[in-house]
Amino acid sequence: MEKLPQEFLDNMESLLGEEYPQFREGLNGQSWQGLRVNTLRLEVEEFLKLSPWPLQPVAWCSTGFYYFEPARPGRHVFHDAGLYYIQEPSAMAVAEYLRPEPGEWVLDLAAAPGGKSTHLAALMGGEGLIIANEVHRGRAQILSQNMERLGVTNAIVTNEAPERLAMHFPEAFDRVLLDAPCSGEGMFRKNPEARREWSSAHVQSCAVRQLSILETVPRLLRPGGRLVYSTCTFSPEENEGVIWRFLQRFPEFSLEEVCLTGGMAPGQPEWVGGPGELARTIRLWPHKARGEGHFIAVLRRKGTAQLRRPSRGNERGRAYGDFREHLSGIVHTPPQGQPVAFGGQLYLVPQAAPSLDGLKAMRPGLHVGTLKKNRFEPAHALSHTLRAEDAVYSIDFSCDAPELSRFLRGETLPCDGPDGWYLVSVAGFGLGWAKQVKGTLKNHLPKGLRQFTS
Ligand code: SAM
């Protein structure tokens with residue numbers, strides 16, 4: 001393992017004083033592995049009955065669990081089916097503190113690969129709207145894939161600079177999350193790359209960038225709305241320091257009183273010479289809590305709601321009133337939302353979705369299918385919102401069935417049923433589509449998701 005940067009250790013020693021030896025020992029200790037049950041697909045109790053691994057609850061997240069060696073849940077078919085998201089346990093606290101309500105409009109400004117956006121979606125139970133934004137295109141694609149895997153129905157994925165979103169959505173959101181790009185000191189135990197890239201100049205440049213992204217939030221959040229800022233680093237410059245400078249510049253924001261659980265600690269105003277209010281921020285230390293290093297600040301914008309939400313526009317697509325007809329031979333109850341077509345692709349956007357005109361939308365909503373002349377092909381994303389009983393035809397396998405491995409490799413399967421679209425599921429959870437033609441199920445799992453064995 002790469003050595004820890006000496007300058008970082010010296011800084012931490014001067015900040016932590018007597019506590020430093022415990023911190024130092026914590027950095028050499030075990031890192032925690034976690035998964036968060038995707039309650040969009042199943043309840044926690046149902047998952048605990050299915051789980052092949054022993055799990056222990058995470059104190060600050062009722063859907064989060066620790067798993068232990070030799071468990072590899074990231075390689076299990078339940079992961080492919082989106083029953084959970086592999087997430088660092090401390091990171092599970094962030095969406096819990098934003099606590100969106102079903103029906104609200106929520107913006108995740110720096111969302112890839114999607115740990116917190118998928119958590120927000122689960123907390124909202126499919127009601128309301130999430131704009132999950134990621135500035136880097138490649139990462140925005142991974143974000144879209146994760147939203148699909150977890151069967152999120154009410155999210156739009158954009159690939160924009162925060163500044164452009166601020167122009168497009170003036171004071172439109174009830175809640176905003178900024179999980180900021182940071183120097184990653186909190187990940188030193190897990191990630192040798194973060195150790196290699198560290199320098200005090202990088203810490204300073206991260207702090208400048210964090211503040212400049214944060215400064216777009218007052219234009220995005222409605223009065224009375226809630227903002228959560230988080231990082232996975234220890235440096236006061238990127239944490240209490242950024243929040244203090246933000247509060248000085250925007251006095252209409254204040255830090256909320258928060259409850260600390262599971263070994264969380266308050267922020268440290270004295271480290272940045274700031275006001276006592278900064279002690280309302282939250283620090284997760286690896287020697288105190290069962291997770292990696294994290295910082296969270298929960299802020300509220302003063303005032304009451306005066307929503308000025310942009311209305312829906314149809315400028316880039318035309319709603320297809322008859323899409324239900326296409327779906328009626330495939331699923332018993334078509335999913336909720338407003339159907340919109342982009343080229344031949346049909347999407348469902350949340351009922352109250354805003355116009356996306358002029359924005360780069362990687363995923364304008366839930367992809368439900370493709371119209372090809374008079375044929376309709378259901379989208380892979382749709383399969384992850386369904387259980388076997390939701391489909392007109394389905395074929396279900398247990399997780400160790402050889403047919404399931406064949407399906408995941410992209411092979412065809414024999415089947416006696418009538419011709420039509422079949423939802424292929426594992427333990428009842430939709431995984432993908434196959435089309436039955438004369439006794440053979442033709443595999444429609446997207447090529448990029450097929451598993452090849454050497
Ligand atoms: N919230 C994500 C999750 O839970 O999966 C992790 C986000 S990661 C800590 C920070 C993200 O900020 C990265 O995906 C990075 O590409 C993005 N980013 C980098 N520079 C940015 C900028 N100037 N504005 C907005 N986002 C930026």
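If you're wondering where the values come from, they're calculated on a predicted model, not measured in any experiment. When a ligand or atom number is given, it counts from 1 through the structure's own listing order. Index from 1, following the sequence. Side chains are part of it too, since the values below use all heavy atoms of this structure and drop only hydrogens, waters and symmetry mates.
With hydrogens and angles left out, the side-chain atoms of Q210 and T231 include no donor and acceptor closer than 3.5 Å. Checking N11 against E7 by side-chain atom types alone, no donor-acceptor pair falls below 3.5 Å. Between the side chains of T158 and R164, not a single donor N or O lies within less than 3.5 Å of an accepting N or O.
The backbone N or O of E185 sits less than 3.5 Å from a side-chain atom of T233, completing a donor-acceptor pair.
Remark: ligand 1 atoms within the under-4.0 Å shell around heavy atoms of R209 are 20 (N), 23 (N). Near P162, with a cut-off below 4.0 Å to any heavy atom, the atoms of ligand 1 are 24 (N), 25 (C). In the vicinity of G114, heavy-atom distances shorter than 4.0 Å reach the ligand 1 atoms 3 (C), 5 (O). For ligand 1 and K116, the ligand atoms under 4.0 Å from any heavy atom of the residue are 1 (N), 3 (C), 4 (O). Each of the atoms 9 (C) of ligand 1 lies under 4.0 Å from some heavy atom of A180. Under a 4.0 Å criterion applied to the non-hydrogen atoms of P181, ligand 1 contributes the atoms 10 (C), 12 (O), 18 (N), 19 (C), 20 (N), 21 (C), 27 (C).
The protein atom (non-hydrogen) at minimum distance from atom 22 (C) of ligand 1 is I213 CD1, 3.5 Å. Among protein heavy atoms, the minimum distance from atom 6 (C) of ligand 1 is reached at A112 O, 3.0 Å. Residue, atom and distance of the protein heavy atom nearest to atom 13 (C) of ligand 1 are R139 NH2, 3.5 Å. Looking from atom 21 (C) of ligand 1 to the surrounding protein, the closest heavy atom is V135 CG1, 3.7 Å. For atom 16 (O) of ligand 1, the nearest protein heavy atom (residue, atom name, distance) is E134 OE2, 2.7 Å.
At a heavy-atom cutoff of 4.0 Å, ligand 1 is contacted by no atom of S212, backbone or side chain.
Annotation: cation-pi pair R290/Y66 present, NZ/CZ under 6.0 Å from the ring centroid and within 45° of its normal.
Note: an N/O pair closer than 3.5 Å links A110 and ligand 1 by distance alone. Annotation: D179 places an N or O atom under 3.5 Å from an N or O atom of ligand 1; distance criterion only. Looking at ligand 1, you'll find an N or O of G115 within less than 3.5 Å of one of its N or O atoms.
Between R149 and D80 there is no salt bridge, since none of the side-chain N atoms of the basic residue sits less than 4.0 Å from a carboxylate O of the acidic one. Using a 4.0 Å cut-off between a side-chain N of Lys or Arg and a carboxylate O of Asp or Glu, E46 and K49 do not qualify as a salt bridge. With salt bridges taken as basic N to acidic carboxylate O contacts below 4.0 Å, none links R226 and E104.
The shortest distance between side-chain heavy atoms of L120 and R175 does not fall below 4.5 Å.
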Step-by-step salt bridge (Lys or Arg N to Asp or Glu O under 4.0 Å) determination, R280 to E256: CA-CA 7 Å; R280 291 186 190 160; E256 296 264 79; over 6 Å; no

